[in-house]
Amino acid sequence: MLFTKKDVILPSKFQANVSLKKFTTFKIGGKAKYLICIKSFQDALSALRFANNHQLPFTVIGKGSNILLDSKGYNGLIILNRIDHLMIDKSKITVGAGYRYPHLACKTLQKNLSGLEFAINIPATVGGAIFMNAGANGYETCTYLDEVTFLSNDLKLLTLKKDQLNFAYRKSPFQSMQGIILEAKFSLKALENSKRIQKELVNYRLQTQPTKSFSIGCVFQNPSKEVSAGYLIEKCNLKKIRIGEAYVSEKHANFIINENNASSDDVINLINFIRKVVKEKTGQTLKSEIRYIPYG
Ligand SMILES: Cc1cc2nc3c(=O)[nH]c(=O)nc-3n(C[C@H](O)[C@H](O)[C@H](O)COP(=O)(O)OP(=O)(O)OC[C@H]3O[C@@H](n4cnc5c(N)ncnc54)[C@H](O)[C@@H]3O)c2cc1C
């Protein structure tokens, strides 16, 4: 889909007709009508003003590691979040929402601070991790979170304390709010053996997940603590099953891989097929944990 510039005069920092493939780990997606890469709170304000003035839908992208963008593109404004300041004061962390989550895991570890070891394996930004309440190995992003600074689409700057926010498994209140997570504060704890914990988590991950392929991590939520989605998919013999250029990983059945040129439709059709077969064979209903961003 090619967008024409027509009547909108683009302020500096905004771009038109930008291919989005490279901004997601899946390497799937058409062109955005408009895109801005934000590096400060002021940029975030400009982005939302632009979207409001032109009555455009907007979507924030962090590292794009949980997003399936439509191959037709996005008929609105993509806000690429690269607000990446970091301050560490004893056990208190203040971090921009565009800061890379694995880097935060390393930086805090260097200070012998524990609580975010698991983040080493999650190729996210801090904002995306909060939005999804990302977690692994029994740890969750919300656990050591203190507060979040959020810019709402009506341009209000909000400071939200953790006790005002309801988090659950892969759920955060931001999923039903319109705006941009700008910054977060965490309180960690001192622990000497964090390095060992992190090393074990990385090794386990390398053995069990196809980390080098184009994917967006686990596609389905685990139905319960006892039964994983990957186990059910494997039990239904769906490993390696494919539609177009999208297929189920042989290494981890809850991963869908883009072989090279998969379309969003390939992925959606494969997701629907897996859900249908698993429902028929096991009676379990699989719920997708990825964020599909339609054309508009
Ligand atoms: C190899 C691999 C391994 C993974 N392992 C894990 C894992 O162990 N555990 C886990 O939970 N997930 C995992 N994931 C999934 C993914 O990394 C997480 O869901 C992560 O939280 C997404 O962060 P992101 O910055 O990439 O967000 P994106 O994918 O860019 O966005 C995800 C959603 O958050 C919104 N969003 C992002 N940033 C902001 C912001 N600043 N303000 C408002 N909204 C925002 C987006 O609009 C979108 O709806 C994995 C993915 C991959 C590819």
Side-chain angles (χ1 to χ4, degrees), residues 20 23-29 37-39 41 43-44 47-48 57-69 74 76-84 95-105 116-142 148-153 158 160 167-184 201-202 204-206 208-222 228 230 249 251-252 254-258 288-294:
L20 294 174
F23 299 120
T24 77
T25 53
F26 228 161
K27 308 293 175 219
I28 295 175
C37 175
I38 59 169
K39 295 186 175 173
F41 287 17
D43 286 349
L48 292 188
F58 67 88
T59 290
V60 186
I61 297 186
K63 274 290 158 186
S65 62
N66 205 43
I67 276 185
L68 174 61
L69 291 164
Y74 183 65
L77 174 67
I78 291 289
I79 300 171
L80 197 62
N81 181 17
R82 296 292 178 265
I83 303 172
D84 63 355
V95 62
Y99 198 88
R100 293 208 53 206
Y101 213 28
H103 287 190
L104 186 60
L116 291 175
E117 292 88 343
F118 70 98
I120 189 80
N121 287 319
I122 306 186
T125 57
V126 169
I130 292 170
F131 186 95
M132 293 306 302
N133 191 22
N137 310 96
Y139 302 91
E140 281 184 317
T141 297
C142 66
V148 175
T149 306
F150 183 78
L151 182 66
S152 61
N153 62 340
L158 308 172
L160 302 163
F167 288 95
Y169 172 63
R170 303 296 175 267
K171 272 224 160 291
S172 81
F174 300 102
Q175 292 170 9
S176 50
M177 291 162 74
Q178 281 285 306
I180 311 176
I181 299 167
L182 299 177
E183 186 183 81
L201 294 177
V202 171
Y204 179 70
R205 187 61 71 111
L206 288 173
T208 55
Q209 291 190 4
T211 48
K212 298 230 157 26
S213 309
F214 299 151
S215 81
I216 41 176
C218 288
V219 171
F220 300 102
Q221 293 183 354
N222 292 326
S228 76
S249 162
K251 203 165 183 183
H252 192 310
N254 201 4
F255 275 57
I256 289 178
I257 308 292
N258 169 15
S288 168
E289 75 175 46
I290 65 174
R291 309 285 298 180
Y292 169 58
I293 312 293

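Whatever order the structure lists them in is the order used to number ligands and atoms, beginning at 1. Computed from heavy atoms alone, side chains included, the values below leave out hydrogens, waters and symmetry copies.
Among I67, T59, L68, the residue whose heavy atom lies nearest to atom 31 (O) of ligand 1 is I67. Among R170, R205, Q209, the residue whose heavy atom sits closest to atom 5 (N) of ligand 1 is R205. Of all the listed residues (G135, S172, P123, A97), G135 holds the heavy atom that lies closest to atom 9 (N) of ligand 1.
In the vicinity of G217, heavy-atom distances shorter than 4.0 Å reach the ligand 1 atoms 2 (C), 50 (C), 51 (C), 52 (C), 53 (C). Which parts of ligand 1 touch R291 is read off a 4.0 Å heavy-atom cut-off, strictly below it: atoms 33 (C), 48 (C), 49 (O). Contact atoms of ligand 1 toward I180: 42 (N) (distance under 4.0 Å to a heavy atom of the residue). Counting the atoms of ligand 1 from 1 in the order shown, those under 4.0 Å from a heavy atom of N81 are 41 (N). For ligand 1, the atoms lying closer than 4.0 Å to a non-hydrogen atom of G64 are 26 (O), 28 (P), 29 (O), 30 (O). Short contacts between ligand 1 and A134, defined as distances under 4.0 Å to a heavy atom of the residue, involve ligand atoms 10 (C), 11 (O), 21 (O).
Each side-chain hydrogen bond (donor to acceptor under 3.5 Å, both in side chains) pair with one or both residues in residues 121-134, not counting sequence neighbours, appears once here: N133-E140. Applying the salt bridge (charged side-chain N to carboxylate O under 4.0 Å, His left out) test to residues at least two apart or on different chains, the pairs with a partner in residues 169-179 are R170-E289.
In terms of protein heavy-atom proximity, atom 23 (O) of ligand 1 is nearest to A124 CB, 3.1 Å. The protein heavy atom nearest to atom 38 (N) of ligand 1 is G128 N, 3.5 Å.
Contacts of I216 with ligand 1, taken as heavy-atom pairs under 4.0 Å, involve the backbone alone. For I181, heavy-atom contacts with ligand 1 shorter than 4.0 Å involve the backbone as well as the side chain.
In this structure, G179 counts as a contact residue of ligand 1, since one of its heavy atoms falls inside 4.0 Å of the ligand.
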